[in-house]
Amino acid sequence: MPLPPEAPLDMPEQRLDGNPPAMREVETQPPGLLVKRLLVISATAVLGLAASTDLRFQLSLDGLDTFDVLLLALFVPLVSWIAFGFVTSLTGFIKLMSGSHPGFVAVPRPREFRRHRTAVLMPVYNESVEAIFARVDAMTRSIAAEGGAADFDFFVLSDSNELHGRREEEAWGRLARTAPMRIYYRRRAENIGRKPGNIEEWVRRFGGAYEHMIVLDADSMMSGSAMVGLASVMESKPTVGLLQTVPMIINARTLFQRWMQFASHAYGHIASAGLLWWSGSEANFWGHNAIVRTRAFAESCGLPKLPGRPPFGGYIQSHDMVEAALLRRRGWAVHMVMIDGSYEEFPPTILDNAVRDRRWAQGNLQHLRLLASSGLHWTSRLHLLIGASAYLTSTAWLLLVLIQCKLGLSGHESLVSGGSSYRSLALTALYLFGPKLMALAWILASPDRRDGFGGVLAVLRSAAIEIVLSILSAPVAMVNQTKALAGLLLGIPSHWTSQNREVDHIPLGTALSKTREHLVLGMLFVVVGVLNPVLGFWLSPMIVGLLGAPWLIAGTSSRSWGDRVMASGTFVVPEPVLGSTPPHRSSRPVHDHEEAAQGA
């Protein structure tokens with residue numbers, strides 16, 4: 001049979017305008033959490049004001065006009081946004097360098113703690129059948145190797161079309177006959193509510209039989225060690241509703257993927273450690289590579305439809321962050337844990353990443369409508385605001401640059417005129433590139449970490465190339481996200497399409513057809529540079545990035561270039577830990593469940 005006996009679990013739709021029932025006390029909240037958060041917010045405000053003080057003084061010398069006020073109204077929040085990332089990374093860097101952070105190790109997994117059953121859920125939508133079931137095969141064998149076969153069931157939850165579904169069911173049948181644990185397959189005929197609707201349907205039909213559910217994406221990979229360990233922590237911490245891991249990128253093939261994979265492994269650790277430090281028991285949910293307490297999810301996370309039409313009404317698209325907020329509203333702790341054995345894949349090209357980004361932009365901007373929902377923890381509101389703001393900053397940066405061009409061409413004082421404003425630019429650059437430098441220092445401080453990234457020279461070479469590529473791609477992403485925001489404001493919703501995960505190369509002609517706006521904006525900045533050479537000098541990285549966008553997109557989409565950089569020892573990352581053996585690059589051991597959960 002493709003499915004087990006049903007065990008229904010009610011999942012009522014939540015009201016966002018009324019107070020939830022009485023909340024339980026969170027037992028895993030780290031001490032001093034309010035002080036940590038106030039410290040981060042205060043440091044962000046100080047650094048943001050420090051970077052804008054000279055500019056504010058210089059612009060006020062001859063009186064502030066409308067464009068001066070607009071420049072400051074954009075620059076101060078934007079530089080504060082960058083400063084927030086800098087402060088978060090700095091706290092993570094300090095914790096990791098001091099050796100006091102409990103991350104980067106396997107979560108403890110004593111088998112005597114596993115008293116309940118856990119379901120592993122992999123929602124799929126018209127994905128490569130071979131790739132999907134290869135991942136399922138690897139993960140089920142890894143779970144079995146950890147002794148979890150009797151306690152875990154694996155569900156492939158398909159929203160694919162009928163033809164694709166027949167191929168999936170055939171592949172499931174072949175694998176289920178030889179698998180070391182139970183694997184089930186279900187395809188919905190109606191794709192109501194996309195992925196959250198898929199999960200909700202499973203909860204309503206089968207959730208009553210499972211204490212926990214590990215939620216994956218179609219491109220997720222997790223080791224048996226990680227999954228069994230997460231279930232063990234949930235068993236020992238009854239007030240924890242969700243544990244979110246920090247997945248690293250694997251299976252990179254194109255140059256773009258290898259570049260992103262290096263950035264994820266090299267820079268992601270300190271940012272995640274800082275985020276873990278201040279988020280505590282009010283962490284976030286990223287929708288995959290996480291374990292959730294099934295009954296807590298059912299009682300807390302029945303998502304209502306937002307009033308109005310898409311893109312900002314209808315189904316809540318970026319459901320995960322909202323579900324984290326709703327879990328915490330009911331009193332369940334939401335933690336983030338940093339462990340080995342949690343991985344995901346990345347879109348193969350800049351264009352594919354832009355398609356995914358547009359979908360995320362729609363979902364995250366919906367969150368602005370949820371900020372006033374009753375009963376949410378203020379940190380949950382902060383997470384929702386941060387997520388939405390991330391998709392407004394690109395447009396704000398573009399407006400800032402355009403206002404800067406107007407001021408520069410009209411002879412006004414501006415961000416790039418006068419010695420004092422250079423200090424503002426220098427501090428901005430420090431906030432922007434400081435986290436990368438801190439991450440390099442952390443890597444180079446450990447022989448094991450240096451070896452994992454290919455050695456000192458490989459680390460420095462990879463970081464130098466990554467920084468150049470990041471500078472060139474920043475204006476490309478700025479235009480892509482501005483186009484996405486403009487489309488959403490015009491009422492054009494993103495569409496639910498299967499993700500393109502296999503690309504060998506994007507032809508230059510195709511890239512040219514997708515970057516007309518980039519090229520026009522780049523030529524506009526060239527004209528500005530001719531009229532004002534000083535301004536043109538400061539705009540030169542943007543000009544090169546915009547005019548070179550087609551070549552950047554086409555070149556980084558190439559698998560052959562990806563193979564070449566790897567052959568040269570560039571963008572090397574530590575090997576993934578997918579087997580049953582513990583990670584071999586741990587910073588120090590975790591001694592008990594308490595430390596792991598408190599570190600969440």
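Counting from 1, the numbers follow the sequence of the chain as shown.
- Between the T395 side chain and the L392 main chain, no donor and acceptor come within less than 3.5 Å of each other.
- C405 SG to F525 CZ: the interatomic distance, rounded to the nearest 0.5 Å, is 5.0 Å.
- At distances below 3.5 Å, at least one donor-acceptor pair connects side-chain atoms of S557 with backbone N or O atoms of A554.
- For K514, the NZ atom is loosely surrounded, since the number of other residues' heavy atoms within 6.0 Å does not exceed 12.
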Q: Could you give me the CA-CA distance, side-chain angles and deciding distance for Q481 and S394, then say whether side chain to side chain donor-acceptor pair (under 3.5 Å) is met?
A: CA-CA 6 Å; Q481 291 190 351; S394 288; 2.6 Å; yes
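- Taking 4.5 Å as the limit, some side-chain heavy atom of V526 sits within range of a side-chain heavy atom of L547.
- Summarising the geometry, atom CZ belonging to F75 is positioned 8.5 Å from atom OG belonging to S80; distances are rounded to the nearest 0.5 Å.
- Taking the six-membered ring for Trp and the full ring otherwise, W286 and H383 have centroids separated by 6.0 Å or more.
- Taking CE of M438 as the reference point, atom CZ of F86 lies at 4.5 Å (rounded to 0.5 Å).
- The 12-atom threshold is exceeded at CZ of F312, counting heavy atoms of other residues, nucleotides or ligands nearer than 6.0 Å.
- Figure legend: cation-pi geometry between R564 and W561, with NZ or CZ positioned under 6.0 Å from the six-membered ring centre and within 45° of its axis.
- The one candidate from D357, N364, T482 that meets the side-chain hydrogen bond (donor to acceptor under 3.5 Å, both in side chains) condition with Y391 is D357.
- The shortest distance between side-chain heavy atoms of Q404 and W538 does not fall below 4.5 Å.
- In this structure a side-chain-to-backbone donor-acceptor pair under 3.5 Å is present from R461 to S568.
- The side-chain heavy atoms of K436 and S470, taken from C-beta on, include a pair separated by under 4.5 Å.
- The 12-atom threshold is not exceeded at CZ of F537, counting heavy atoms of other residues, nucleotides or ligands nearer than 6.0 Å.
- Side-chain contact check for L78 versus I82: every heavy-atom pair is 4.5 Å or farther apart.
- To the nearest 0.5 Å, the span separating CH2 on W277 from CG on L90 amounts to 9.5 Å.
- Between R258 and V565, the shortest heavy-atom distance links the atoms CD-CG2, 4.1 Å.
- Listed here is the closest heavy atom pair of F262 and F453: CE1-CD2, 3.9 Å.
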Q.
Please determine whether side chain to side chain donor-acceptor pair (under 3.5 Å) holds for the pair T245 and N289, giving the CA-CA distance in whole Å, both sets of side-chain angles, and the decisive distance to 0.1 Å.
A. CA-CA 6 Å; T245 69; N289 293 59; 4.6 Å; no
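- With values rounded to the nearest 0.5 angstrom, W360 atom CH2 is found 9.0 Å from D320 atom CG.
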Q | Residues I492, R358; criterion side chain to side chain contact (heavy atoms under 4.5 Å, CB included); working and verdict | A | CA-CA 11 Å; I492 305 172; R358 190 184 192 282; 3.9 Å; yes
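- Under the 3.5 Å distance criterion, the side-chain polar atoms of S424 are matched with a main-chain donor or acceptor of A51.
- The closest donor-acceptor contact from the side chain of S264 to the backbone of M260 lies at 3.5 Å or more, if one exists at all.
- Using modelled atom types, no side-chain atom of E345 and backbone atom of D219 make a donor-acceptor pair closer than 3.5 Å.
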Q) Passes side chain to side chain contact (heavy atoms under 4.5 Å, CB included), W378 versus E282? Steps please. A) CA-CA 9 Å; W378 72 269; E282 287 77 41; over 6 Å; no
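- The CG atom of L469 sits 8.0 Å away from the OG1 atom of T556 when rounded to the nearest 0.5 Å.
- For E323 (side chain) and G287 (main-chain N/O), no donor-acceptor pair under 3.5 Å exists by modelled atom type.
- Side-chain contact between V355 and L351: absent, with no pair of heavy atoms (C-beta onward) separated by less than 4.5 Å.
- A pairwise comparison of heavy atoms in G363 and Q317 identifies CA-CB, 3.7 Å as the closest pair.
- Counting only distance, with no hydrogens or angles, the side chain of R309 and the backbone of G491 share no donor-acceptor pair below 3.5 Å.
- Heavy atoms only, all atoms of each residue included: V573 and Q261 are closest at CG2-NE2, 3.5 Å.
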Q: Would you sort out whether N284 and M336 count as a side chain to side chain contact (heavy atoms under 4.5 Å, CB included), showing the intermediate values?
A: CA-CA 7 Å; N284 224 332; M336 186 173 76; over 6 Å; no
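- Side chain of H335 to main chain of A283: no donor-acceptor pair is present (N/O by atom type, distance under 3.5 Å, no hydrogens or angles).
- Considering only heavy atoms from C-beta on, V527 stays 4.5 Å or farther from V530 through its side chain.
- Put simply, the side chain of L33 reaches to within 4.5 Å of the side chain of S281, judged on heavy atoms.
- Closest approach of K95 and S98 over heavy atoms only: O-OG, 2.8 Å.
- Counting only heavy atoms from C-beta outward, the side chains of M542 and M478 approach each other to under 4.5 Å.
- Of all the heavy atoms in F285 and Q244, the pair that sits closest is CD1-OE1, 3.2 Å.
- Between H518 and N480, the side chains place a donor N or O and an acceptor N or O closer than 3.5 Å (distance only, hydrogens not considered).
- With salt bridges taken as basic N to acidic carboxylate O contacts below 4.0 Å, none links D504 and R253.
- Within the 3.5 Å criterion, the main-chain N or O of L39 finds no donor-acceptor partner in the side chain of S42.
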